[in-house]
Amino acid sequence: MKSVSKKGTRMTSRFSLSIILALTLATATFAGTITGTVSPSKSVVYVDTIQGKTFPAPTAKPVMDQKGLVFSPHVMVVQQGTTVEFLNSDNVQHNVFWPSISGNKKLGHNLGTWPKGEKRSFKFDQPGVVPLLCNAHPEMAGYIIVSPTPYFAETDDSGNYKLENVPDGKYNLVAWHEGMKQQTKPQSVPGTTKVDFSLSK
């Protein structure tokens, strides 16, 4: 009887340990969702730098095209560490340069000028707003927003956005729109959270 009792105790202990381990893993991997609206619409929202946290660079290489004498898309948002390919689809030569990143002129860069059908690449290791220009066509302008985290989104035509799989924690949430003042809001993420922004010039 004693051996059976000990065996039962061991089984109970193992079962308890399994439950504790499962709860621990569930807590460790729990992620929430941030939703909301931004006024004006067609804005960018992202979770700012998380202290002590780094993320692997994406392997996908999005394409910023120059077609019809415009940058396409006009606004592109990527994660820090992303390599962007700049394509010229026009019959004229194009140039791509940015005078700064978020106002820091030391981070300005000129990719040069190249003809139709060619690409040039650049890896964006610094987060911030990259204003794109073309020396050959001063009327051309576009933007690349480099998010320091993989938690970013562009709003739809109604200003709605959704950031999914954001681990529970305390963050700074940033909203950006061309020609508007960038806005930052501190936010805790327990499960699903709603954060709205109203940007102004």
Side-chain angles (χ1 to χ4, degrees), residues 38-90 92-116 118-155 161 163 171-187 197-201:
V38 183
S39 176
S41 61
K42 306 304 289 183
S43 297
V44 172
V45 180
Y46 62 87
V47 172
D48 207 352
T49 302
I50 302 173
Q51 195 67 31
K53 184 75 173 175
T54 57
F55 302 93
T59 55
K61 297 179 179 180
V63 176
M64 173 62 78
D65 200 357
Q66 291 170 290
K67 190 173 183 178
L69 299 182
V70 297
F71 285 102
S72 181
H74 181 65
V75 175
M76 174 186 287
V77 56
V78 300
Q79 182 188 324
Q80 184 177 356
T82 298
T83 296
V84 176
E85 294 186 329
F86 294 87
L87 171 66
N88 180 2
S89 293
D90 280 336
V92 297
Q93 288 199 335
H94 278 305
N95 163 269
V96 176
F97 78 99
W98 49 95
S100 65
I101 296 180
S102 288
N104 186 345
K105 293 183 179 181
K106 292 181 179 180
L107 300 177
H109 190 76
N110 193 324
L111 290 175
T113 304
W114 59 97
K116 180 179 181 178
E118 291 188 12
K119 290 180 182 176
R120 294 197 182 177
S121 301
F122 189 87
K123 184 177 181 180
F124 288 93
D125 285 324
Q126 296 293 328
V129 179
V130 184
L132 302 176
L133 298 168
C134 173
N135 269 330
H137 305 93
E139 71 278 10
M140 291 179 61
Y143 295 90
I144 294 178
I145 312 303
V146 185
S147 169
T149 68
Y151 314 116
F152 58 82
E154 294 182 69
T155 67
Y161 74 91
L163 305 179
Y171 309 107
N172 285 322
L173 201 61
V174 180
W176 175 93
H177 183 91
E178 180 181 3
M180 300 290 181
K181 292 179 181 177
Q182 182 171 291
Q183 192 175 124
T184 301
K185 289 187 176 182
Q187 185 63 47
F197 291 89
S198 183
L199 306 181
S200 60
K201 291 186 178 181

**OP:** Ignoring hydrogens and angles, tell me if any N or O in the side chain of T155 forms a donor-acceptor pair with the backbone of V38 under 3.5 Å.
**Re:** no
**OP:** Report yes if the side chains of L107 and S100 come closer than 4.5 Å at any heavy-atom pair, otherwise no.
**Re:** no
Original post:
Within a strict 4.5 Å, meaning less than it, do heavy atoms of the Q182 and V129 side chains meet?
Top reply: yes
**OP:** Would you check if the side chain of Q66 reaches a backbone N or O of H94 as a donor-acceptor pair within less than 3.5 Å?
**Re:** no
**OP:** Look at the side chain of T149 and the backbone N and O of V47, then say whether any donor-acceptor pair between them is shorter than 3.5 Å.
**Re:** yes
Original post:
Are any non-hydrogen side-chain atoms of F152 and Y161 less than 4.5 angstrom apart?
Top reply: no
Subject >> Pairwise side-chain contact, C134 with F97, heavy-atom cut-off 4.5 Å (strictly under) >> reply: no
Subject >> Minimal non-hydrogen separation, P40 against M180, with atom names >> reply: CG-CE, 4.0 Å
**OP:** In sequence, state the C-alpha distance, the side-chain angles, and the governing distance for R120 and N88, and then conclude on side chain to side chain contact (heavy atoms under 4.5 Å, CB included).
**Re:** CA-CA 9 Å; R120 294 197 182 177; N88 180 2; over 6 Å; no
**OP:** Examine distances only and state if a side-chain atom of N172 and a backbone atom of T184 form a donor-acceptor pair shorter than 3.5 Å.
**Re:** no
Original post:
Any idea which heavy atoms bring V44 and E154 closest together, and the distance?
Top reply: CG2-CG, 4.1 Å
**OP:** Go through the steps for S89 and D65 under the test side-chain hydrogen bond (donor to acceptor under 3.5 Å, both in side chains), then give the verdict.
**Re:** CA-CA 7 Å; S89 293; D65 200 357; 2.8 Å; yes
**OP:** Determine, step by step, whether Y143 and W98 satisfy the ring-ring contact (aromatic ring centres under 6.0 Å, His included) criterion, reporting the C-alpha distance in whole Å, the side-chain angles of both residues, the deciding distance to 0.1 Å, and the verdict.
**Re:** CA-CA 9 Å; Y143 295 90; W98 49 95; over 10 Å; no
Subject >> Any P138 side-chain heavy atom under 4.5 Å of L133 side chain >> reply: no
Subject >> Nearest heavy-atom neighbours spanning S121 and L111 >> reply: O-CD2, 4.1 Å
Subject >> Which atom of P127 lies closest to which atom of I101, heavy atoms considered >> reply: O-CG2, 3.7 Å
Subject >> Worked check of side chain to side chain contact (heavy atoms under 4.5 Å, CB included) between V96 and W114 >> reply: CA-CA 9 Å; V96 176; W114 59 97; 3.5 Å; yes
Subject >> Within the 6.0 Å centroid threshold, strictly below: F122 and H109 >> reply: yes
Original post:
Side chains of H74 and E178: donor-acceptor distance under 3.5 Å anywhere?
Top reply: yes
Original post:
Where do F55 and Y151 land on the side chain to side chain contact (heavy atoms under 4.5 Å, CB included) test, with the steps shown first?
Top reply: CA-CA 11 Å; F55 302 93; Y151 314 116; 3.9 Å; yes
Original post:
So Y171 and Q187, side chain to side chain contact (heavy atoms under 4.5 Å, CB included) or not? Walk me through it.
Top reply: CA-CA 5 Å; Y171 309 107; Q187 185 63 47; 5.6 Å; no
Original post:
In Å, rounded to the nearest 0.5 Å, how long is the span from CZ of F197 to OG of S39?
Top reply: 12.5 Å
Original post:
Can a cation-pi geometry be assigned to K119 and F86, taking NZ or CZ under 6.0 Å from the six-membered ring centre and within 45° of the ring axis?
Top reply: no
Subject >> Closest heavy-atom pair and its distance - I145, V75 >> reply: CG1-CG1, 4.3 Å
Original post:
Taking all atoms of both residues into account, what is the closest heavy-atom pair of L69 and D90, and its distance?
Top reply: N-OD2, 2.9 Å
Original post:
Which distance, rounded to the nearest 0.5 Å, do you find between the CE of M64 and the OG of S72?
Top reply: 7.5 Å
Original post:
Are V78 and I144 close enough that some pair of their side-chain heavy atoms sits under 4.5 Å apart?
Top reply: yes
**OP:** Measure the shortest side-chain to side-chain distance between K123 and T82 over non-hydrogen atoms and say whether it is less than 4.5 angstrom.
**Re:** no
Original post:
When you measure from the side chain of Q80 to the backbone N and O of V146, does any donor-acceptor pair fall under 3.5 Å?
Top reply: no
